[in-house]
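By convention in this document, chain letters (A, B, ...) are assigned in the order of the sequence lines, proteins followed by strands, and residues within each chain are numbered from 1.
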Amino acid sequence: MIFNTNIPIYVQIIDDFKKRIISGEYGPSDKVLSVRDLAMEYGVNPNTVQKALSELERFALVKSVRTSGRYITEDIKIIQELKDQFINEKVQTFITDLKGLSITDDEIIRHIERGIHNGSDD
Amino acid sequence: MEAMINISGLSKSYGHKEILHNVNLQMKRGNIIGLLGPNGSGKTTLIKILCGLLREYRGEIVIDGHPIGVHSKSIISYLPDEPYFAAWMKVKDAIGIFCDMYADFDVERCRELCKRFDIQNNMLIKTMSKGTKEKFQLSLVMARRAKIIILDEPIGGVDPAARDVILDTILSNSFEEQTILIATHLIADIERIFDSVIFIQEGNITLDRDVEELRQETGKSIDELFREKFRY
């Protein structure tokens with residue numbers, strides 16, 4: 001992963017985790033790699049990884065189990081909320097951008113439908 | 001927790017020229033700290049004082065609870081900015097010397113690192129390329145299980161691919177609660193591994209901060225901040 005060094009790296013690690021949880025790459029109750037392994041994988045300072053994991057715990061996306069390490073939450077509701085929130089943010093920015101250019105709802109919907117249709121042909 | 005390295009009111013002059021001016025710094029245990037400044041800003045002088053190589057200075061330095069001396073020297077593994085091998089030495093000779101000199105030298109680890117850098121036991125050090133020499137020296141220094149590692153320009157002479165291996169090496173070592181101080185001016189390549197950075201300018205400390213906080217506050221990379229501060 002290539003980091004943008006203009007933004008705190010722990011924030012980018014949190015985003016990466018969220019995307020992996022949303023995509024299902026990290027499934028409910030999956031064990032999270034150790035801080036050491038994650039730091040090596042990301043090529044960053046272990047304290048940075050630690051900070052990202054603490055935040056993920058605060059969001060209840062990751063759970064720390066004493067003596068056995070960290071796990072992705074087993075609570076599917078939390079994962080679904082994360083997914084909804086993620087999609088909602090993307091859609092909102094997209095709509096705001098297009099409406100700012102006076103593009104109508106009908107046009108937006110037509111293009112989305114066409115885009116989805118074209119995408120599924122690939 | 002008590003700082004690993006505590007510097008207060010440190011000044012150093014050569015004749016009338018002041019190289020370090022009232023330096024106050026605390027370096028935390030287990031942190032990777034970048035010491036950043038242009039050539040001639042005082043980085044190497046500061047490092048040499050910490051390593052006990054320059055003994056005339058004003059101010060107070062406490063390392064791991066002790067003044068500079070036998071204890072501090074025994075816990076610091078130092079990579080100087082220039083190679084220091086004798087002309088006749090082969091890789092195995094230098095490794096032998098490190099085995100004899102340092103109780104904390106892990107020869108297996110050193111061999112592992114050499115293997116990674118494709119450095120063979122029978123190579124003559126003086127015929128190595130600049131980059132290979134640096135990699136070899138780094139293998140020796142990083143193989144010490146020392147509480148403090150001080151690296152003066154560790155990636156200056158190596159290609160970008162080798163830089164990544166070197167950064168990996170530094171990172172994998174840092175899990176052992178080592179405090180690592182790295183002086184460099186190649187910031188973009190290395191800033192992702194720092195906990196904090198110190199900017200030094202004409203012997204004055206102009207910044208001493210946590211890197212993630214800096215990024216958060218300024219929306220800039222450490223490299224960018226450095227370029228802004230040290231524009232000629």
Side-chain angles (χ1 to χ4, degrees), chain A residues 1-21 26 31-62 64-71 85-86 89-90 92-93 96-97, chain B residues 1 4 27-34 36 116 149 155 160-182 184 186-197 209-228:
Chain A
M1 184 172 169
I2 307 234
F3 291 101
N4 173 355
T5 45
N6 294 338
I7 302 168
I9 290 172
Y10 82 93
V11 173
Q12 298 174 68
I13 294 176
I14 292 172
D15 285 347
D16 185 57
F17 254 81
K18 285 183 176 170
K19 282 183 186 163
R20 289 181 196 227
I21 293 171
Y26 291 167
K31 188 150 172 43
V32 175
L33 288 178
S34 68
V35 170
R36 180 198 176 96
D37 290 340
L38 284 170
M40 288 306 285
E41 193 172 286
Y42 283 117
V44 302
N45 190 298
N47 293 324
T48 309
V49 171
Q50 185 68 51
K51 188 163 181 191
L53 289 175
S54 309
E55 286 292 290
L56 287 161
E57 277 177 34
R58 214 165 53 83
F59 301 144
L61 291 168
V62 164
S64 177
V65 178
R66 215 187 317 179
T67 70
S68 79
R70 291 189 176 80
Y71 296 85
Q85 193 193 354
F86 182 82
E89 272 171 26
K90 294 268 175 206
Q92 281 310 325
T93 343
T96 313
D97 282 357
Chain B
M1 195 160 62
M4 191 66 185
M27 301 184 201
K28 284 189 204 150
R29 275 169 213 274
N31 271 12
I32 304 179
I33 303 142
L36 314 178
R116 218 166 147 188
I149 293 195
I155 56 170
R163 273 177 204 171
D164 282 345
V165 179
I166 290 175
L167 294 192
D168 266 6
T169 310
I170 296 171
L171 276 178
S172 61
N173 258 53
S174 79
F175 297 101
E176 299 173 11
E177 285 294 296
Q178 281 176 328
T179 304
I180 306 182
L181 178 67
I182 305 174
T184 186
L186 295 166
I187 300 158
D189 290 317
I190 198 168
E191 67 169 80
R192 62 190 160 88
I193 76 166
F194 292 143
D195 285 287
S196 64
V197 286
R209 291 287 306 275
D210 176 281
V211 287
E212 294 278 74
E213 281 174 23
L214 271 175
R215 292 187 186 113
Q216 189 109 54
E217 276 171 31
T218 62
K220 289 174 183 163
S221 66
I222 308 307
D223 188 47
E224 259 178 286
L225 290 168
F226 183 80
R227 282 164 201 271
E228 281 175 12

K.L.:
Does any backbone or side-chain atom of B:Q216 lie under 4.5 Å from a heavy atom of chain A? Answer side chain, backbone, both or neither.
P.N.:
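For B:Q216, heavy atoms of backbone and side chain both lie under 4.5 Å from chain A.
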
K.L.:
With rounding to the nearest 0.5 angstrom, report the CZ to CD distance, B:R192 to A:Q12.
P.N.:
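Rounded to the nearest 0.5 Å, the CZ-CD separation comes to 12.0 Å.
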
K.L.:
First locate atom CG of A:N6, then atom CG of B:L225, and finally report the distance between them rounded to the nearest 0.5 Å.
P.N.:
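A:N6 CG to B:L225 CG: 9.0 Å, rounded to 0.5 Å.
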
K.L.:
For the atom pair CD1 (B:I32) and CG (A:N47), what is the distance rounded to the nearest 0.5 Å?
P.N.:
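The CD1 atom of B:I32 sits 8.0 Å away from the CG atom of A:N47.
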
K.L.:
Any chance you could measure B:I190, atom CD1, to A:T5, atom OG1, to the nearest 0.5 Å?
P.N.:
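Rounded to the nearest 0.5 Å, the CD1-OG1 separation comes to 13.0 Å.
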
K.L.:
Are more than 12 heavy atoms, taken from residues, nucleotides or ligands other than A:K31, located less than 6.0 Å from that residue's NZ atom?
P.N.:
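Yes, NZ of A:K31 has more than 12 neighbouring heavy atoms, counting only those of other groups under 6.0 Å.
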
K.L.:
Quick one: pull up CG in B:L171 and CE in A:M40 and give me the separation to the nearest 0.5 Å.
P.N.:
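With rounding to 0.5 Å, CG (B:L171) is 6.0 Å from CE (A:M40).
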
K.L.:
Apply the side-chain contact (heavy atoms from CB on, under 4.5 Å) test between B:E212 and each candidate in A:I9, A:N45, A:I7; give the one that qualifies.
P.N.:
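Answer after filtering A:I9, A:N45, A:I7: A:I9.
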
K.L.:
Return the option, out of B:A188, B:G30, B:S221, B:G219, with the maximum number of heavy-atom pairs under 4.5 Å with chain A.
P.N.:
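Top count of heavy-atom pairs under 4.5 Å with chain A: B:S221.
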
K.L.:
Answer with side chain, backbone, both or neither: which region of B:L167 has an atom nearer than 4.5 Å to a non-hydrogen atom of chain A?
P.N.:
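Neither part, no heavy atoms under 4.5 Å.
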
